[in-house]
Amino acid sequence: MSDAPLVLWFRRDLRLGDHPMLARAVASGRPLVPLFILDPETEALGAAAKWRLGLSLADFARRLEGLGSRLILRRGPALAVLEQVLAETGAMGVHWSRLYDAGSIARDGAVKAALRARGLEAVSHEGFLLHEPWQVATGQGGFYRVYTPYWNAVKGRDVAAPEPAPKRLSGPAVWPQSDVLADWQMGAAMRRGAGVCLPFQVVGEDAAQARLAAFLETRVQDYKAARDFPARDATSRLSENLTYGEIGPRSIWHGGWRAMQDGAAGAEHFLKELVWREFAWHLMYHTPHMAEANWREDWQGFPWREDNADAEAWRRGMTGEPFVDAAMREMYVTGTMHNRARMIVASYLTKHLMTDWRVGLRWFADCLTDWDAAANAMGWQWVAGCGPDAAPYFRVFNPAGQAEKFDADGAYRKRFLDPRSPEARRYFEAVPLSWQLAPDQPAPRPLIALDRGRERALAAYAARKS
DNA sequence: CAGCACTTGAT
DNA sequence: TCAAGTGCT
């Protein structure tokens, strides 16, 4: 039955081009049934990411319809749904693009085993990363724990050229029934209201490609220096699109590579940032405990504070530290936060407020529309001191010093704190009543003096060693 | 085993 | 100038 339909199980690869699984499926000549499953793992996404995924699904469904196809939406445990759809369509196989977190690996492995045991085809494909985590190894054959050697190992490697998007997709004689996306209520958990972040989202494959092209056209030149200044529009902002697979890493790699050969000054640095994502997934695959436990296991027992009132002030952007509060409000109102600001708020929570990095990670998971489990686990642990990197414990960011350095004119702080700015106004419209925040409220007194917080953190780190 | 290098800092 | 351990070749 070589003309039996094939089910394409889409997850974090909501695009048509640069898509190995889709390209191979089209080449097989079989009728294709694109499927998205709202399974328990996906239901568990943070509020903002789940809502943003809904936008991506709507866009992807439209793109598929433009090719004469559809996106079938079903809800339930993945294996049960796949078996139903296989039975309904007479399909003989399922294909998907691999993911690399422990939960996905367990789920997909079980799906593969169960389907193959019934004589069905179950095939996973690359495409989420530039390099499979098991294909990058040190001279000793192990995995990398340090970024720079990892970069040196992959920077010269060939990356397959992105496949062009198919022009048409053939479908089954009879389509299986599909849920209606709106019924899934993907934005239901957004306490701030689903529409708040909408103006800040750039959704879908066309938009992501345009974003990449625009970045490579101009901003990449000055990227290396300008990316550190949070008030400037100097970064690509592609993390949002990468998260849902609206663009693939190979498209970005080849774009960046071309820019580098054309002499764009910041292009290599841009490629390095893309490879940081890659490195995070490399670590996530080889050390899956990174998602939840201290990556350095000898940090067990470190006296982090559990969730507490200071952490709640941090979440609300009410620490009294202007740069920190601006950044936390940026995330709440836009669904994203500038990279440098992420480091500073993470340092402030874990060092000055001595609070467990997982408290911060959970809030990021709830608020970020570019939520990436590996990049966040690695980043939080790096800042906290328990993650990969040799000696970060004495690296305590001073938010006031950082503000002076990277937001000297105060433009970033004003944008999210000054009630006259549109972004700040949006913030005050969005916060839940229970937060009791008003535009005319005076800035809170700092939770802790910066030098005292620094000393307290360093003392705790010193005590850990003895 | 030696030697080298280490994303983003602070005072 | 500090601080200093460790991962990698």
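Since the structure is predicted, the reported quantities are computational estimates derived from the model, not experimental observations. Letters A, B, ... mirror the listed sequences (proteins, then strands); counts begin at 1.
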Closest listed nucleotide, where the reference is the side chain of [X] and the choices are [options]:
{"X": "W382(A)", "options": "dG7(C), dT9(C), dT8(B)", "answer": "dT8(B)"}
{"X": "F394(A)", "options": "dC8(C), dA10(B), dG9(B)", "answer": "dG9(B)"}
{"X": "D228(A)", "options": "dT8(B), dC8(C), dG7(C)", "answer": "dT8(B)"}

**Prompt:** Counting only non-hydrogen atoms, which of residues 337-346 of chain A are less than 4.0 Å from DNA chain B?
**Reply:** N339(A), R340(A), M343(A)
**Request:** Not counting sequence neighbours, which residues clear side-chain contact (heavy atoms from CB on, under 4.5 Å) with E41(A)? List them please.
**Result:** D39(A), R107(A)
Side-chain N or O of [X] versus OP1/OP2 of [N]: is the shortest distance under 4.0 Å?
{"X": "R395(A)", "N": "dT8(B)", "answer": "yes"}
{"X": "Q402(A)", "N": "dA10(B)", "answer": "yes"}
{"X": "N398(A)", "N": "dG9(B)", "answer": "no"}

**Request:** With sequence neighbours left out, write down each residue that passes salt bridge (charged side-chain N to carboxylate O under 4.0 Å, His left out) with E273(A), or none if nothing qualifies.
**Result:** R227(A)
**Request:** Check the pair M328(A) / Y348(A) against side-chain contact (heavy atoms from CB on, under 4.5 Å), numbers first and verdict last.
**Result:** CA-CA 11 Å; M328(A) 296 307 291; Y348(A) 186 80; over 6 Å; no
**Message:** Regarding E273(A), tell me which of base, sugar-phosphate or nothing describes its non-hydrogen contacts under 4.0 Å with the strands shown.
**Reply:**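 Touches a base.
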Would you kindly give the [atom1]-to-[atom2] distance between [X] and [N], to the nearest whole Å?
{"X": "L283(A)", "N": "dG7(C)", "atom1": "CG", "atom2": "P", "result": "12 Å"}
{"X": "H282(A)", "N": "dG7(C)", "atom1": "NE2", "atom2": "P", "result": "13 Å"}
{"X": "R454(A)", "N": "dC2(C)", "atom1": "CZ", "atom2": "P", "result": "15 Å"}
{"X": "F397(A)", "N": "dT8(B)", "atom1": "CZ", "atom2": "C1'", "result": "6 Å"}
{"X": "L458(A)", "N": "dA10(B)", "atom1": "CG", "atom2": "C1'", "result": "10 Å"}
{"X": "Y147(A)", "N": "dC8(C)", "atom1": "OH", "atom2": "P", "result": "14 Å"}
{"X": "F406(A)", "N": "dA10(B)", "atom1": "CZ", "atom2": "C1'", "result": "12 Å"}
{"X": "Y150(A)", "N": "dT9(C)", "atom1": "OH", "atom2": "P", "result": "13 Å"}

**Closest non-hydrogen atom pair, R316(A) against L437(A)** =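 Taking every non-hydrogen atom into account, O-CD1, 3.8 Å.
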**Prompt:** More than 12 heavy atoms of other residues, nucleotides or ligands under 6.0 Å from CD of Q441(A): is that the case?
**Reply:** yes
**Prompt:** What interatomic distance, in whole Å, is found between C1' of dC1(B) and the corresponding atom of dG7(C)?
**Reply:** 14 Å
**Item:** dA3(C) and dA5(B), which share atom name P, separated by this distance in whole Å
**Value:**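 dA5(B) and dA3(C) have their P atoms separated by 22 Å.
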**Request:** Report yes if some heavy atom in the side chain of R452(A) is under 4.5 Å from a heavy atom in the side chain of R454(A); otherwise report no.
**Result:** no
**Message:** Taking the side chain as everything from C-beta on, heavy atoms only, tell me whether R157(A) gets closer than 4.5 Å to V136(A).
**Reply:**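 Contact flag for R157(A)/V136(A) side chains = yes.
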**Pairing residues for W9(A) by the ring-ring contact (aromatic ring centres under 6.0 Å, His included) criterion, not counting sequence neighbours** = W96(A)
**Partner set under ring-ring contact (aromatic ring centres under 6.0 Å, His included) for Y100(A), not counting sequence neighbours** =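 Applying ring-ring contact (aromatic ring centres under 6.0 Å, His included) to Y100(A) gives none.
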**Message:** Looking only at side-chain N and O atoms, does T243(A) offer a donor or acceptor that is under 3.5 Å from a partner on D370(A)?
**Reply:** no
**Message:** Let's test your reading of the pairing rules: Watson-Crick or G-U wobble, both distances under 3.5 Å, then write DNA chain B as a dot-bracket string with ( ), [ ], | and dots.
**Reply:** .|||||..||.
